[in-house]
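Report on the following structure.
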Amino acid sequence: MNISDSEIVASILTDDGYELTKEISSADIIFVNTCSIREHAEEKVRKRLQYFKSFRKKSPSLVIGLLGCMADRTKVALMEEEQLLDLVAGPDAYRHLPQLLAQVGTGRTAIDTILSTDETYADITPVRLDSNGISSFISIMRGCENYCSYCVVPSTRGQERSRNAATIVNETRDLFEKGYREVTLLGQNVNSYCWESGGESINFARLLEQVALVSPLMRIRFATSHPKDISDELLHTIARHPNLCKAIHLPVQSGSNHMLDLMNRKYTREDYLGRIHAIREILPGCAVSTDIIAGFCDETEEDHQETLSLMNLVGYDAAFMFKYSERPQTLAADTLSDNVPEDVKERRLTEIINLQQKLSLESNRKEIGKTVEVLIEGVSKRSENEYFGRTSQNKVVVFNKMEYLPGEYLQVKITGTTSATLRGEHADFNV
Ligand code: SAH
Ligand code: SF4
């Protein structure tokens, strides 16, 4: 999400005559784009800003700006008290950056952290940053109104709003023409995407279908699906199009109904398992990944065991796992007590991570002997003689470099695995 926002900022500023540099020491302006979903980020940002401030000794006119989620909450401390910043812009204020920079040019500080109800940056073609030229992101909606009790997003990124569907399809086509072969559609809850056009309503399943039709050679992924909203219509759409990747990220957060209720997730363990059953029926072989929070308010040992048992039942292919950290301006911070001791949170998180490693390894082992289609992404970090790529199920595969190029599809026979990476060899011919 943040990369996608930085790409929008780069586009707005390059249109205004600014240039990007990879050399931080030669920069006239440094922006730090922030996310405050989990703790510790704030301290990291403060340290980074202090380091950037030291550059001012050499270039006194250097402008330092803070963008994104953290802007509103930290502006007083970082700008007024610690004087680390010249400019602060929240996630809906990027169009005003040229004016804000002009204001800084007159010797004043500039702040705009007002959240919008309709800004989607739909008309802005992002400048791709640090891209491999093969995979890219498209932001299809902004904000969130689910108010999960632990989550800061509704307060930092504002109301949910969907972006014009035609602009999303056009951006996909443009990326395809530039040689990209994989795009990930991004939103906090993509399943509630909705765009009204000419009396017609385009939901996420229809949008996905339109994007899939851009080219069968363009792989499409999406994140994140909220379990309460993922429909059979969507699953059937994915089944119909081979280029809609067979990998669904479906954050469960906890396996305990008591925790799910306190988290305000609006589904039960049984509802969630029902959706997993539908995925298995409609999309056999589809990978499922998740997010899990360990040690949320009032979590008992039984609640924790329910999370472990749900992980075993689903057999996740991958997971992002976090220790609960209380965030300001959330329902949990206001109404619940962050009462699971730190060492218990840590131990539970370790148990969750260990179990997931075992499940990831089991899931990868099932691939051994299969021949799978891999989109080549680039040269492996470990060896110059090897490429790495991904399967439709989002599994990373490493294999010997052949005469093929990144961006091409290759049939690879899986010969071995670790819990993180599959190893394979070239099976047949290019698609
Ligand atoms: N919109 C997505 C997730 C956005 S945040 C969804 O609803 O699934 C990504 C993940 O960060 C969440 O799924 C959750 O697991 C984690 N997270 C969010 N707030 C957190 C907090 N306060 N403490 C720990 N983990 C948190
Ligand atoms: Fe946060 Fe819940 Fe919205 Fe995800 S769905 S961004 S976890 S409030």
Side-chain angles (χ1 to χ4, degrees), residues 132 134-137 180-186 212 216-225 235 238-239 241-252 276 279-280 282-292 311-321 352-383 385-402 404-428 430-431:
N132 60 3
I134 310 294
S135 327
S136 194
F137 299 103
Y180 286 82
R181 292 295 175 263
E182 182 181 83
V183 75
T184 304
L185 306 182
L186 290 179
L217 288 179
M218 188 69 149
R219 272 187 177 175
I220 318 295
R221 302 186 185 278
F222 56 88
T224 300
S225 286
L235 301 180
I238 299 172
H241 296 273
N243 59 329
L244 293 179
C245 289
K246 306 297 175 273
I248 294 184
H249 186 60
L250 200 63
V252 67
I276 295 292
I279 293 172
R280 302 284 185 233
I282 301 169
L283 295 169
C286 181
V288 181
S289 55
T290 199
D291 293 350
I292 296 175
M311 290 173 73
N312 272 316
L313 278 174
V314 178
Y316 288 112
D317 298 271
F320 296 104
M321 296 152 287
I352 289 170
I353 292 173
N354 290 345
L355 173 56
Q356 186 51 48
Q357 262 200 317
K358 186 177 139 252
L359 294 174
S360 298
L361 183 62
E362 277 170 18
S363 144
N364 277 359
R365 281 203 178 124
K366 286 191 198 138
E367 299 297 302
I368 295 177
K370 285 189 195 163
T371 296
V372 291
E373 186 181 82
V374 173
L375 171 62
I376 308 175
E377 287 185 31
V379 177
S380 148
K381 279 191 195 112
R382 291 238 182 105
S383 158
N385 301 322
E386 289 177 332
Y387 272 143
F388 79 98
R390 257 167 238 268
T391 67
S392 173
Q393 283 76 9
N394 211 16
K395 290 180 188 282
V396 176
V397 188
V398 176
F399 49 95
N400 282 342
K401 224 166 156 182
M402 311 270 300
Y404 300 98
L405 291 173
E408 290 184 317
Y409 290 94
L410 191 67
Q411 298 294 323
V412 174
K413 183 163 183 197
I414 304 304
T415 54
T417 187
T418 65
S419 63
T421 312
L422 297 169
R423 162 150 290 287
E425 57 192 38
H426 175 217
D428 203 357
N430 200 3
V431 173

Sorted by chain and residue number, the ring-ring contact (aromatic ring centres under 6.0 Å, His included) partners of Phe222 (sequence neighbours excluded) come out as Phe204
Side chain to side chain contact (heavy atoms under 4.5 Å, CB included) evaluation trace for Leu375 with Arg390: CA-CA 6 Å; Leu375 171 62; Arg390 257 167 238 268; 5.7 Å; no
Any side-chain heavy-atom pair from Leu250 and Ile276 closer than 4.5 angstrom? yes
Distance-minimising heavy-atom pair for Gly315 and Leu359: CA-CD2, 4.3 Å
Heavy-atom donor-acceptor pair, Tyr387 side chain to Tyr404 backbone, under 3.5 Å: yes
For Ala287, all residues meeting side-chain contact (heavy atoms from CB on, under 4.5 Å), sequence neighbours excluded: Ala247, Asp317, Gln393
Report the distance from atom CE of Met402 to atom CD of Glu425, rounding to the nearest 0.5 Å. 10.0 Å
What distance do Thr418 atom OG1 and Gln357 atom CD have between them, rounded to the nearest 0.5 Å? 9.0 Å
Please confirm whether the backbone N or O of Ala319 pairs with a side-chain atom of Ser289, one donor and one acceptor, at under 3.5 Å? no
Under the side-chain contact (heavy atoms from CB on, under 4.5 Å) test, which residues partner Lys366, sequence neighbours left out? none
Is the backbone N or O of Ser392 less than 3.5 Å from a side-chain atom of Arg221, with the two atoms forming a donor-acceptor pair by type? yes
Please identify each residue that fulfils salt bridge (Lys or Arg N to Asp or Glu O under 4.0 Å) with Lys358, with sequence neighbours left out. Glu362
Short question: side chain of Ser360, backbone of Gln356 - any donor-acceptor pair under 3.5 Å? yes
Is it true that atom NZ of Lys413 has more than 12 heavy atoms of other residues, nucleotides or ligands lying nearer than 6.0 Å? no
Atom pair OG1/NE2 of Thr290 and His249 - distance to nearest 0.5 Å: 6.5 Å
Hey, could you give me the CG/CD1 distance between Leu355 and Ile292, rounded to the nearest 0.5 Å? 8.0 Å
Only counting residues at least two apart or in another chain, list the ones meeting side-chain contact (heavy atoms from CB on, under 4.5 Å) with Cys286. Lys246, Ile248, Ile279, Leu283
From Leu422 CG over to Lys395 NZ, what is the distance, rounded to the nearest 0.5 angstrom? 6.5 Å
How would you list, by chain and number, every residue that makes a side-chain contact (heavy atoms from CB on, under 4.5 Å) with Ser135, sequence neighbours excluded? Asn132, Glu182, Glu377
Would you find more than 12 non-hydrogen atoms of other residues, nucleotides or ligands less than 6.0 Å from Arg280 atom CZ? yes
Test item: Thr421 and Phe388 side chains (from C-beta on) under 4.5 Å apart, heavy atoms: no
To the nearest 0.5 Å, what is the distance between CG (Leu217) and CZ (Arg219)? 10.5 Å
Side chain to side chain contact (heavy atoms under 4.5 Å, CB included) between Met218 and Tyr180, intermediate numbers included: CA-CA 8 Å; Met218 188 69 149; Tyr180 286 82; 4.2 Å; yes
Could you check Val398 against Arg382 for side chain to side chain contact (heavy atoms under 4.5 Å, CB included), going step by step and ending with a plain yes or no? CA-CA 10 Å; Val398 176; Arg382 291 238 182 105; over 6 Å; no
